[in-house]
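First the proteins, then the strands, lettered A, B, ... as listed; each starts at 1.
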Amino acid sequence: MAAGGRATPPRLLEESAARKPAARSLAPPPPTGPRSDGRCPVRARLSTGGRRLYSSHAMNEQMQDRRAKLDKIRGLGVDPFGGRFPDTTPHEDIRAAAAELEIEEGQILEDGEVFHAAGRVVLCRAFGNLIFLTVRDQTGDLQYGLSKKMVAEGWKVAKLLDLGDIVGVTGRLGRTKTGELTLWVSAFRLLAKALRPPPEKRLGLTDVEARYRRRYVDLFSNPESRRVFLQRAQIIAYIRQKLRERRFVEVETPILQPIYGGAAARPFLTHHNTLDMRLYLRISPELYLKRCLVGGLERVFELSRCFRNEGISPRHNPEFTMLELYQACGDYHDMMDICETLIAGAAREVIGATVVRFGETDIDYTTPWPRRKYADLFREHVGLDIGDIAAIRERARTLHAAGDLKADESRLDDPVVVNELFEHYVEDKLVHPTFVLDYPAALCPLTKRHPDDPHVALRFELFINGMEIGNAYSELNDPDIQRENFSRQLRGEENETMAVMDEDFVQALEYGMPPAGGLGIGIDRLVMLLTGSTSIRDVILFPLQRPRQGNASADEGTAPAAAAEPERETP
RNA sequence: GAGGGUGUAGCUCAGUCGGUAGAGCAACGGCCUUUUAAGCCGUGGGUCCAGGGUUCGAGUCCCUGCACCCUCACCA
């Protein structure tokens with residue numbers, strides 16, 4: 001048995017603490033002889049020092065071990081939290097450079113190029129005088145090799161490295177006897193000591209709640225999670241690039257709005273103190289982007305964070321990102337073309353495929369996508385003519401009675417009942433990308449009417465895997481019809497309508513807005529589809545979570561204490 | 001809001017009929033200069049989500065609460 005082991009003294013500490021729980025963190029270290037492992041002095045300092053005291057679950061054994069190493073490293077005159085470490089080469093690029101070279105097994109390129117690299121230690125295989133680290137940077141993993149001979153005085157620090165530490169190294173390429181590409185380290189620097197242990201080295205962090213609350217741990221321990229967010233960035237970059245090629249201008253419009261509009265949803269409410277003014281977080285940027293059209297910005301887009309005070313589900317987050325764009329002198333057919341270009345193009349360029357698996361389904365993004373009329377799909381899947389209101393109400397009543405349809409048709413206007421049945425029967429049938437055209441006009445107060453039929457609006461929605469991904473109009477630019485649509489209240493379940501009167505917006509139309517096509521695409525849902533993520537929380541870095549209660553320690557990313565209770569009223 | 005599920009070591013998970021709290025990884029001590037989830041020997045580590053109840057005895061059974069996940073509703 002190892003004489004320097006810690007079996008006995010900590011046991012005594014625990015036992016005395018168990019008898020006197022209140023004194024647990026103040027208990028003096030048990031009397032022992034001289035120690036060489038450096039652990040007890042640390043515990044003594046932590047438990048008796050004048051600084052903040054740590055309870056047992058705020059400071060577990062492994063964290064104490066790591067703090068002991070921290071002190072040892074400082075004792076060697078080394079800053080455990082580094083500083084600037086310039087000129088690093090991403091692991092991906094180092095691998096690419098190595099692919100150009102002939103490196104034999106067991107060889108080190110003594111006269112080869114010197115690389116700087118940095119990342120987090122995710123695996124460690126230590127021998128007596130040799131350490132292999134698997135280090136992860138944003139682009140991937142690479143093995144670093146440290147030998148006592150090569151790093152000289154740095155060896156003392158190297159022996160104190162833990163999983164999770166962030167290191168920067170200088171070295172030359174080689175291959176080990178087993179052929180693994182290895183950066184043989186001649187000098188290294190500790191850039192950040194990890195004081196908390198990382199998750200299990202193979203499985204990473206799998207607990208979904210922990211993954212959302214501590215996304216930073218999810219990101220460095222789960223390459224799959226990092227892949228999703230890097231691809232999200234690439235998809236958005238691709239969209240920006242394509243729109244720029246088509247001469248669209250990126251603009252920013254108000255998130256704080258005195259009148260909310262452009263969609264049907266409950267808004268978040270806030271207040272401006274100096275102006276003593278009620279403001280809403282936008283549910284849509286639509287009415288402001290159209291004002292840009294009036295102003296002569298002929299092709300505009302915004303990647304727009306929107307906020308809707310509604311339920312949370314695998315497809316809904318209270319804040320989400322919408323692409324919205326408007327093209328003067330266009331119509332909704334132009335918007336279909338843009339949809340196909342952006343989405344099929346992103347699949348091809350970012351994912352590298354035209355067929356992308358989502359859950360159990362292979363979704364085919366090959367263009368062109370089917371264009372189906374709303375009324376035709378209704379007849380096909382519901383089995384009724386869209387004009388046969390009596391039969392439609394009868395069907396809705398039957399479904400409602402059977403508990404298959406929540407909505408009560410007797411409380412709804414005709415077009416809303418029609419749409420309830422459309423959603424019930426049709427939407428989840430639309431698996432591969434499908435444009436649904438020509439909606440009932442009553443559902444579309446911001447849309448131009450069909451020239452041959454005023455009951456039909458020049459609108460489409462894009463459905464993929466039963467989800468609404470896009471929504472586009474030939475935009476209504478007749479101010480008188482717009483004013484009339486704002487004035488008409490459509491009776492729905494919650495008595496909500498997107499047609500909240502916005503007098504300034506109508507006035508803008510009176511100055512003259514060019515005919516235009518407008519399009520909205522749900523970016524989060526698009527990223528879900530293309531990355532194969534079945535929950536919207538898996539494509540939003542920090543999804544909204546209820547704060548952990550009774551947890552005053554900074555452990556779980558709790559919300560800061562509310563300064564003042566905000567208004568709760570809902571318009 | 002309704003229904004279902006989950007909550008045990010830093011992480012991933014077992015825990016039988018109610019009878020002393022378990023494993024792997026991680027950690028600590030030891031050996032080791034070519035590993036790939038390194039290996040071998042040894043050791044420590046628990047608010048069993050929280051609170052109540054039943055019981056001689058509760059991780060386990062009952063009640064209440066909390067958090068998260070799923071389905072439904074809401075989201076035209």
Side-chain angles (χ1 to χ4, degrees), chain A residues 1-11 14 21 36-37 39 55-57 60-66 68 105-106 122-134 141 143 145-150 162-164 174-180 182 184 196-213 217 221 263-266 283 308-316 318 403-407 412-413 415-416 418-420 422-423 439-440 442-445 461 468 471 490-494 496-499 534-535 537 545-551 556:
Chain A
M1 173 169 167
R6 58 159 118 133
T8 306
R11 184 90 235 137
E14 292 301 312
S36 57
D37 63 18
R39 297 188 65 259
S55 66
S56 62
H57 62 279
N60 67 36
E61 182 189 37
Q62 294 196 39
M63 291 169 65
Q64 294 183 31
D65 290 337
R66 283 164 183 257
E105 291 174 4
V122 293
L123 291 172
C124 176
R125 296 167 292 281
F127 301 80
N129 296 309
L130 180 66
I131 300 173
F132 290 110
L133 301 176
T134 301
D141 295 353
Q143 175 163 284
L146 289 81
S147 77
K148 188 176 184 180
K149 273 185 187 169
M150 290 174 70
D162 283 309
L163 294 182
R175 285 193 191 280
T176 61
K177 287 175 183 171
T178 56
E180 180 75 19
T182 301
W184 284 102
R196 290 175 183 264
E200 216 269 352
K201 62 187 181 186
R202 265 180 300 172
L203 301 165
L205 196 60
T206 63
D207 177 74
V208 287
E209 182 178 357
R211 287 184 51 228
Y212 300 147
R213 288 192 191 277
V217 177
S221 65
R266 281 194 295 248
I283 58 173
R308 296 185 183 176
N309 206 339
E310 309 278 1
I312 298 175
S313 84
R315 279 166 291 283
H316 300 85
D404 293 334
L405 189 71
K406 183 71 182 300
L412 306 176
D413 284 333
V416 180
V418 170
N419 206 46
E420 288 287 340
F422 186 90
E423 290 177 359
Y439 275 64
L443 299 172
C444 317
E461 290 200 354
E468 179 195 339
N471 183 19
L490 198 62
R491 200 162 51 115
E493 274 290 312
E494 297 291 324
E496 283 171 14
T497 171
M498 65 196 294
T534 51
S535 171
R537 296 180 208 95
Q545 298 283 106
R546 198 188 298 265
R548 303 287 303 214
Q549 92 171 164
N551 187 356
E556 297 283 357

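- The base of A26(B) is paired with the side chain of Q62(A) by a donor and an acceptor separated by under 3.5 Å.
- Contact check, R125(A) against U35(B): no side-chain N or O comes under 4.0 Å of OP1 or OP2.
- Contact annotation for A210(A): no contact, since no heavy-atom pair falls under 4.0 Å across all strands.
- The side chain of E61(A) lies closest to G44(B), out of C69(B), A37(B), G44(B).
- For the pair T206(A) and C13(B), the criterion of a side-chain N or O lying under 4.0 Å from OP1 or OP2 is met.
- Using a 4.0 Å heavy-atom distance criterion, N129(A) is classed as a base contact.
- If you check distances only, the side chain of T176(A) does reach the base of U35(B) with a donor-acceptor pair under 3.5 Å.
- Applying the Watson-Crick and G-U wobble criteria (two distances, each under 3.5 Å), G22(B) pairs with C13(B).
- Considering only the side chain of Q545(A), C69(B) comes nearest among C69(B), G10(B), U12(B).
- Across the strands present, C28(B) finds its partner in G42(B); the criterion is a Watson-Crick or G-U wobble pair with both atom distances under 3.5 angstrom.
- K148(A) comes within 4.0 angstrom of nothing in the nucleic acid, heavy atoms only.
- Counting only heavy atoms from C-beta on, D162(A) has its side chain closest to C28(B) among C68(B), C28(B), A38(B).
- Counting non-hydrogen atoms under 4.0 angstrom, I131(A) reaches nothing in the nucleic acid.
- Of all heavy-atom pairs spanning I283(A) and R266(A), the tightest one is CG2-O, 4.3 Å.
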Could you please spell out the steps behind the side chain to side chain contact (heavy atoms under 4.5 Å, CB included) verdict for E209(A) and Q545(A)?
-> CA-CA 9 Å; E209(A) 182 178 357; Q545(A) 298 283 106; 4.2 Å; yes
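- When heavy atoms are screened at a 4.0 angstrom cut-off, R546(A) is found touching the sugar-phosphate backbone but no base atom.
- Checking the phosphate oxygens (OP1, OP2) of C68(B), a side-chain nitrogen or oxygen of R213(A) falls inside 4.0 Å.
- Using a 4.0 Å heavy-atom cutoff across all strands shown, G204(A) reaches sugar-phosphate atoms only and no base atom.
- Side-chain N/O atoms of Q143(A) and R175(A) include no donor and acceptor closer than 3.5 Å.
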Kindly give the atom pairs (protein nitrogen or oxygen, nucleotide nitrogen or oxygen) under 3.5 Å for nucleotides 2-4 of chain B.
none

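- Using C1' as the reference atom, A58(B) and G52(B) are 13 Å apart when rounded to the nearest Å.
- Side-chain nitrogen and oxygen atoms of R537(A) include at least one within less than 4.0 Å of the OP1 or OP2 phosphate oxygen of C69(B).
- Nucleotide U71(B) has A2(B) as its partner under the Watson-Crick or G-U criteria, with both atom distances under 3.5 Å.
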Enumerate all atom pairs, one protein N or O and one N or O from nucleotides 6-9 of chain B, separated by less than 3.5 Å.
none

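- Checking U12(B), U34(B), C69(B) against every side-chain atom of Y212(A), the shortest atom distance belongs to C69(B).
- No contact: P198(A) has no heavy atom under 4.0 Å from any strand.
- Comparing atom distances between the E209(A) side chain and each of A37(B), A27(B), C68(B) picks out C68(B) as nearest.
- Candidate nucleotides U71(B), A76(B), U12(B) were compared by shortest atom distance to the side chain of D207(A), and U12(B) ranks first.
- Side-chain contact, R125(A) with T134(A): a donor N or O sits under 3.5 Å from an acceptor N or O.
- Taking atom P on both C74(B) and C66(B), the two are 24 Å apart, rounded to the nearest angstrom.
- When distances run from any side-chain atom of L130(A) to the nucleotides U12(B), G10(B), U34(B), the shortest one goes to U34(B).
- Not a single donor-acceptor pair, N or O on each side, falls under 3.5 Å between the base of U34(B) and the side chain of E180(A).
- Taking only side-chain atoms of F127(A), from C-beta outward, the nucleotide of A38(B), A76(B), A27(B) with the closest atom is A38(B).
- E423(A) comes within 4.0 angstrom of sugar-phosphate atoms only, judged by non-hydrogen atoms across all strands, and of no base.
- For the pair K201(A) and A37(B), the criterion of a side-chain N or O lying under 4.0 Å from OP1 or OP2 is not met.
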